[in-house]
Novice: 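I have a structure here, written as structure tokens, and I will follow up with some questions on it.
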Amino acid sequence: MDYIAEGTSFIRPFSAGIDLVDGEMTDFTRKTERRASSMRGHYADAAALERLVADGDPLHYEVFEKPVPEEYGHLMYCVSKLLSGLVGDEYFMTKGHYHSVLRTGEIYLCLRGDGFMLMKTKDGKFAAEPMKRGGMVYVPPYWAHRSVNTGSEPLVSFCVYNAEAGHNYGDIETEGFARRVLRSGGVPVIR
Ligand code: F6R
Ligand code: ZN
């Protein structure tokens with residue numbers, strides 16, 4: 001088939017199932033789990049995180065995937081399920097990352113829950129967009145992104161991004177985000 005572009009694999013079309021109540025991909029072939037112990041260095045209150053680790057090391061989030069080739073032209077997609085909870089006064093959040101190929105963006109469609117998408121650039125720009133059922137967040141190229149669950153139920157999103165994007169977690173481990181989402185007076189505050 002000479003119309004197939006070099007560097008982009010030909011695959012058969014397929015479909016995937018999403019359980020909108022549980023917020024999980026029903027026929028995933030890869031699942032990534034992040035527990036409290038995977039989140040060291042990310043929360044402001046390190047002692048509170050260690051208490052959680054000692055107290056059963058609870059799950060923070062899961063990412064369900066049925067991966068496609070990590071190549072230009074393909075679209076990677078997943079279901080991200082971030083549980084509700086606090087580490088000290090800070091709401092449960094994802095590690096956050098830049099895409100390794102910085103010029104790739106991402107779309108998040110929120111299926112369930114309440115929270116924020118925090119975003120930042122290398123040169124210090126910061127943005128926060130609300131996440132709630134039926135809301136879409138566009139993460140442009142160059143913006144690192146981290147989701148935060150400020151609600152009492154799981155924050156579930158369907159994500160789509162360039163399959164060749166890759167994930168750079170190391171820069172966020174050293175840079176962090178300029179702002180955090182904290183519970184203050186019983187409500188979420190970004191500061
Ligand atoms: C993929 C993407 C999401 C996250 C997921 C977990 O590019 O942005 O699917 O991977 O929400 O967050 P991280 O990857 O930051 O641990
Ligand atoms: Zn991403």
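This one's a predicted model, so the numbers in the text were calculated from it and none came from an experiment. All residue numbers in this chain count up from 1 along the given sequence.
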Novice: Same cluster or not: are L102 and V139 linked, directly or through other Ile, Leu, Val, Met, Phe, Trp or Tyr residues, by side-chain heavy atoms under 4.5 angstrom apart?
Specialist: yes
Novice: If Ile, Leu, Val, Met, Phe, Trp and Tyr residues are connected whenever their side-chain heavy atoms lie under 4.5 Å apart, and connections chain through other members, are L111 and L83 in the same group?
Specialist: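 The answer is no; the residues belong to distinct hydrophobic clusters.
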Novice: I18 and F158: which non-hydrogen atoms are nearest, and at how many Å?
Specialist: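 Where I18 meets F158 most closely, the heavy atoms are CD1-CD1, 3.7 Å.
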Novice: Quick test of your reading of the model: are K31 and E24 salt-bridged, counting only N-O distances below 4.0 Å?
Specialist: no
Novice: Please name the pair of heavy atoms, one in P188 and one in F116, separated by the smallest distance, quoted to 0.1 Å.
Specialist: CB-CE1, 4.5 Å
Novice: Indicate, with yes or no, if V68 and V79 share a hydrophobic cluster defined by side-chain heavy-atom contacts under 4.5 Å among Ile, Leu, Val, Met, Phe, Trp and Tyr.
Specialist: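 Yes; V68 is reachable from V79 via cluster members.
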Novice: Answer yes or no: is there a donor N or O on one side and an acceptor on the other, between the side chain of S80 and the main chain of V63, under 3.5 Å?
Specialist: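 The answer is no, because no donor-acceptor pair under 3.5 Å joins these two groups.
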Novice: Could you give the distance from CE (M131) to SG (C110), rounded to the nearest 0.5 Å?
Specialist: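 One finds 5.0 Å between CE of M131 and SG of C110.
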Novice: Within the supplied structure, the quantity of interest is the number of heavy atoms (other residues, nucleotides, ligands) at a distance under 6.0 Å from R183 CZ; does it exceed 12?
Specialist: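 Open.
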Novice: With a 3.5 Å distance limit and no angle check, can you tell me whether R103 reaches the backbone of P141 through a side-chain donor-acceptor pair?
Specialist: no
Novice: Between D45 and L49, is there a donor-acceptor pair closer than 3.5 Å when you use the side chain of the first and the backbone of the second?
Specialist: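 Answer holds: no.
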Novice: For D114 and T150: C-alpha separation, side-chain torsions, deciding distance, then whether side chain to side chain donor-acceptor pair (under 3.5 Å) applies.
Specialist: CA-CA 6 Å; D114 279 291; T150 58; 5.9 Å; no
Novice: Looking at R112 and V21, would you say the former's side chain and the latter's main chain have a donor-acceptor pair under 3.5 Å?
Specialist: yes
Novice: Above 12 or not: heavy atoms from other molecules or residues under 6.0 Å from CD of E70?
Specialist: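 Not more than 12 within 6.0 Å, no.
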Novice: Could you check whether the rings of H97 and H167 sit parallel, tilted or perpendicular, using 30° and 60° as the cut-offs?
Specialist: perpendicular
Novice: Hydrophobic clusters here meaning ILVMFWY residues chained together by side-chain heavy-atom distances under 4.5 Å, can you tell me if L155 and L86 are in one?
Specialist: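 Yes, L155 and L86 fall within the same hydrophobic cluster.
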Novice: Restricting to non-hydrogen atoms, name the atom on E65 and the atom on Y161 that form the minimum distance, rounded to 0.1 Å.
Specialist: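 Reported closest heavy-atom pair: OE2-OH, 3.9 Å.
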Novice: Run the numbers on H145 and F177 for ring pair (Phe, Tyr, Trp, His ring centres under 6.0 Å), then give the verdict.
Specialist: CA-CA 9 Å; H145 39 288; F177 275 69; 8.8 Å; no
Novice: Which word best sums up how the rings of Y77 and F14 line up, parallel for under 30°, tilted for 30 to 60°, or perpendicular for over 60°?
Specialist: tilted
Novice: Check whether N168 reaches the backbone of D171 with its side chain - one donor and one acceptor, N or O, closer than 3.5 Å.
Specialist: yes
Novice: What are the two closest heavy atoms between I190 and A128, and how far apart are they?
Specialist: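 Looks like CD1-CB, 3.8 Å.
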Novice: Check the pair E164, M76 against side chain to side chain contact (heavy atoms under 4.5 Å, CB included), reporting the backbone distance first and the verdict last.
Specialist: CA-CA 8 Å; E164 80 276 24; M76 195 67 84; over 6 Å; no
Novice: So, T8 side chain and Y72 main chain: donor-acceptor pair closer than 3.5 Å or not?
Specialist: yes
Novice: Would you say the side-chain atoms of D55 pair up with the backbone N or O of D57, donor to acceptor, closer than 3.5 Å?
Specialist: no
Novice: Would the distance check show the side chain of K95 and the main-chain N or O of S38 forming a donor-acceptor pair, the cut-off being under 3.5 Å?
Specialist: yes
Novice: For D19 and D22, indicate whether the former's side chain and the latter's backbone hold a donor-acceptor pair under 3.5 Å.
Specialist: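 Such a contact is found between D19 side chain and D22 backbone.
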Novice: Could you check whether any side-chain N or O of H99 sits under 3.5 Å from a backbone N or O of T104, counting only pairs where one atom can act as donor and the other as acceptor?
Specialist: yes
Novice: May I have the step-by-step check of side chain to side chain donor-acceptor pair (under 3.5 Å) for E71 and S9, ending in yes or no?
Specialist: CA-CA 8 Å; E71 299 166 352; S9 301; 2.9 Å; yes
Novice: With a 6.0 Å cut-off (strictly less than), is the heavy-atom count around CZ of F126, excluding the residue itself, greater than 12?
Specialist: yes
Novice: Treating Ile, Leu, Val, Met, Phe, Trp and Tyr as nodes and any side-chain heavy-atom pair under 4.5 angstrom as an edge, say whether I172 and Y91 lie in one connected cluster.
Specialist: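 Hydrophobic grouping puts I172 with Y91.
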Novice: Let me confirm one number: the CH2-NZ distance from W143 to K125, rounded to the nearest 0.5 Å.
Specialist: 6.5 Å
Novice: Could you tell me which non-hydrogen atom of D27 sits nearest to which non-hydrogen atom of G17, and how far apart they are?
Specialist: OD1-N, 3.0 Å
Novice: Under 4.0 Å between a side-chain nitrogen and a carboxylate oxygen: does that hold for E62 and R34?
Specialist: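 The answer is no: the pair does not qualify as a salt bridge.
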Novice: Say you draw a straight line from OG of S184 to CG of D89; how long is it, rounded to the nearest 0.5 Å?
Specialist: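 The distance works out to 8.0 Å.
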Novice: Working to the nearest 0.5 angstrom, can you tell me the gap between R146 CZ and L118 CG?
Specialist: 7.0 Å
Novice: Looking at Y98, does the NZ or CZ of K122 lie under 6.0 angstrom from its six-membered ring centre and within 45 degrees of the ring axis?
Specialist: yes
